[in-house]
Peer 1: 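Take this structure first; my questions come after.
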There are 2 protein chains.
Amino acid sequence: MAALKSFIEVRPDSHFPIQNLPFGVFKHRPSSLPRPAVAIGDYVLDLSEIALAGLFDGPLLSSSDCFLQPNLNKFLSLGRPAWKEARATLQKLLSFFLNCSHEDIRLFSCIAATEPKLRDDASLREKSLLPMSEVEMLLPIVIGDYSDFFSSMHHAKNCGTIFRGPENPINLNWFHLPIAYHGRASSIVISGTDVIRPRGQGPPTGSPPPYFGPSRKLDFELEMAAVVGTGNELGKPVDVNEAGDHIFGLVLMNDWSARDIQAWEYVPLGPFLGKSFITTLSPWIVTLDALEPFTCDAPKQDPPPLPYLAEKSSKNYNISLEVQIKPAGVEESAVVTRTNFNHLYWTITQQLAHHTINGCNLRPGDLLGTGTISGPDPDSYGCLLELTWNGQKPLPLNSNTTRKFLEDGDEVTITGCCKVSTAALSHYVHLLCSRLSLVCKR
Amino acid sequence: MAALKSFIEVRPDSHFPIQNLPFGVFKHRPSSLPRPAVAIGDYVLDLSEIALAGLFDGPLLSSSDCFLQPNLNKFLSLGRPAWKEARATLQKLLSFFLNCSHEDIRLFSCIAATEPKLRDDASLREKSLLPMSEVEMLLPIVIGDYSDFFSSMHHAKNCGTIFRGPENPINLNWFHLPIAYHGRASSIVISGTDVIRPRGQGPPTGSPPPYFGPSRKLDFELEMAAVVGTGNELGKPVDVNEAGDHIFGLVLMNDWSARDIQAWEYVPLGPFLGKSFITTLSPWIVTLDALEPFTCDAPKQDPPPLPYLAEKSSKNYNISLEVQIKPAGVEESAVVTRTNFNHLYWTITQQLAHHTINGCNLRPGDLLGTGTISGPDPDSYGCLLELTWNGQKPLPLNSNTTRKFLEDGDEVTITGCCKVSTAALSHYVHLLCSRLSLVCKR
């Protein structure tokens, strides 16, 4: 028995069924203004047209110009009730028929009625529904600050073992606080932007001078990032149990890393140029509301966190993640890792609460990266540093190609997907799909 | 024989003679729009009024709306020729008489003619010249990214000795590259903003759990910061010999630090919450053009820098800096350190070139902090961590008050000043004066 469906045909394997409705920003033609949208099947729905048609008629959005902006920041600043109102309105407008069970309602915030105004208005459909293949996706948010956490214990352990040996791979502080560093906001780009191989200093071979030239250890990092919705005032920390209301949704992120530059520069102030040359985001932000059916228990934390990090209910998300690499001139890409968001030790709500405990203010559109998401097994590690053990074990891509680190022309694709199969659903629901297509150039 | 003077009376000890003309942004009344200004004597000159009166009549600024903005970013993006044109126009408009020697011309970009349009227009003077005491200064720039360097060798050596012992206080990489980390942009505030004592985790005393509570080691850091004027494209590094043209000017900066939070969190990814609770800037940006007479040779670097950091002419600035602390309820403040900008080992142009060598893009308004500016002598250290040797040697403020770290109610003032005395000048020129007045609250 099917649940909520859209009148727009959505292939069963689409990542954009009506249950997802991730938010992004697109441009139809090079000269068009950037406009907010949601994805539905193979289409983007232009939210500025829906707003201009007066179809956002709920109390919070009916008089707002948040969808007439070139980015989502204004919408993000309105808070969860407005985000829920937008989602409910869009599900009504896009729905075809409803036959919701109680289970559906629990899982998908299934709505009580359909609204045919878009479905039955050919002119509005033509204006507002555009084939995804015909639009250009843009960075959906203005990112004031980007912070990157280090929340996978497997990743921390592997990096510590590679760089400092197996005795004490993880520093004591790691188990007491979600370690993070400030990242570079200016070089965050949208999926599909070419990556230029960074130049820089690497460790000297034996004695000085250091190596200088194009990085010889260019790596991807499989991450996701929380997009901050509502911020907080300087000096006013966010309670960990209210932190979820400050997070609009999640994106996929590739935190490209130059391991040689990073290794030479990072003591004592942390990563800088080894990371700041580029960071790639998926074009679609999947809302926490859409992810709600895929929550799961977060790992038990030992030692127990300090009270300001202790959550009444500590949630993670069951999101399958994989990375593929396609060398230049090759048809087939190779899956190099499969892992899951639920391997994170520190939750995104703990990250946000920790980030503000000193009074630091977050703003709408700020980005909180999870850090590399590695699982426990060698085929679930989230970067080549771990997968090839710092280049010591070349990774086979196909019968005659291996990789220690990325080579020029490699294309790296990160995919995330939530799947659920319950009595109420005859099909999988794919929530995230974002291709990070990259060419490493010199 | 006097050189360039303003028709506005400027006290001999003023930091804002006509040779300075630093740029800022102010609000006249709470309801007024923020507007760009320069400081002259005890006045601010509203540049929006000068622009509206058509007095920016040079080729680059005559049709620009850069002074009708709420911040300086647009003006900064125009580049050095526009900055020089603005300075020359303002010096003409504000000048009284000119009798420039060749030396004056060299030192002060002394201009060839005066322009009486402002001096002789009472109505325009009334609109545009406002007593500094009647306006509120605002953060003059929108800061996209803030990076903080670590460029004083004395500071690096002292911190290394305190935390790791005297054997190898400075890491080998420090001598090959200007070490830096990304800082937090959202919590950068204007001088005078209250500082709220941050809460956070500190190192455990003996065994876990860690300390949690208000920081017990709140510190100032005496820094200056370069304000980026024109940026660079992603993937296009800036040549070190052209880096100066990308820097608009300098501000004073207090990089407030919670040493206990920092000590516990910073391995391996660097400082985070120990810094991100607040960072204070002076309201006035002193241009590199105004600082030109105060250039001096930068320290000789050994080992010689790699070619991408090797400058044809390696310049520093002779800027006297001091920090005063005034405890709550006390009239007199105590000078706790006197140092100089010229102690920096890495120049601001090397910092900028290094920052972009990996292709990282800078944007107008970005901030590049110097790091704590410590001199070689114990009374020239730039923070309490060094001055009190991590709290081991309390610092006397007056006959009955000492400090290990900052206490609630302390007011910290950083002052910077360039002084020159040549045959052409009968008086000192004070270039920088910015009070960082702070109340530490819980």
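We name chains A, B, ... by the order of the sequence lines, and we start the count at 1 in each one.
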Peer 1: State, yes or no, whether a side-chain contact exists between A/Leu172 and B/Trp264 at a heavy-atom distance under 4.5 Å.
Peer 2: yes

Peer 1: Determine yes or no for a side-chain-to-main-chain donor-acceptor pair under 3.5 angstrom, with A/Asn358 supplying the side chain and B/Pro198 the backbone.
Peer 2: no

Peer 1: Between A/Glu265, A/Lys275, A/Arg199, which has the largest tally of heavy atom pairs under 4.5 Å with chain B?
Peer 2: A/Arg199

Peer 1: Looking at B/Ile179, B/Leu177, B/Leu362, which has the largest count of heavy-atom pairs under 4.5 Å with chain A?
Peer 2: B/Leu177

Peer 1: So, the side chain of A/Asn171 versus the backbone of B/Pro268: is there a donor-acceptor pair under 3.5 Å, distance only?
Peer 2: no

Peer 1: Counting only non-hydrogen atoms closer than 4.5 Å, does A/Leu306 touch chain B with its backbone (N, CA, C, O), its side chain (CB onward), both, or neither?
Peer 2: side chain

Peer 1: Tell me, side chain or backbone of A/Leu309 under 4.5 Å from chain B's heavy atoms, or both, or neither?
Peer 2: side chain

Peer 1: Based on non-hydrogen pairs under 4.5 Å, which of A/Gly359, A/Gly200, A/Gly235, A/Gly183 is most in contact with chain B?
Peer 2: A/Gly183

Peer 1: Compare every heavy atom of B/His182 with every heavy atom of A/Pro271, then report the nearest pair and how far apart it is.
Peer 2: O-CD2, 4.0 Å

Peer 1: Please classify the contact of B/Pro203 with chain A as side chain, backbone, both or neither, using a heavy-atom distance under 4.5 Å.
Peer 2: neither

Peer 1: Identify which part of B/Val142 has an atom lying under 4.5 Å from any heavy atom of chain A, answering side chain, backbone, both or neither.
Peer 2: neither

Peer 1: Once rounded to the nearest 0.5 Å, what's the spacing between atom CG of B/Asp145 and atom CG of A/Asp145?
Peer 2: 7.5 Å

Peer 1: Would you say A/Gln201 and B/Tyr308 make side-chain contact, with heavy atoms under 4.5 Å?
Peer 2: yes

Peer 1: What pair of heavy atoms forms the shortest contact from A/Arg184 to B/Ser147, and how long is it?
Peer 2: NH1-OG, 3.5 Å

Peer 1: Might you point out which heavy atoms bring A/Leu234 and B/Phe277 nearest each other, and give the distance in Å?
Peer 2: CD1-O, 3.3 Å

Peer 1: Among B/Ser187, B/Cys360, B/Gly270, B/Ser186, which residue has the highest count of heavy-atom pairs closer than 4.5 Å to chain A?
Peer 2: B/Ser186

Peer 1: Check each atom of A/Pro237 against the heavy atoms of chain B and say whether the ones under 4.5 Å are side chain, backbone, both or neither.
Peer 2: side chain

Peer 1: Taking every non-hydrogen pair under 4.5 Å, which of B/Gly160, B/Ala180, B/Pro209 racks up the most with chain A?
Peer 2: B/Ala180

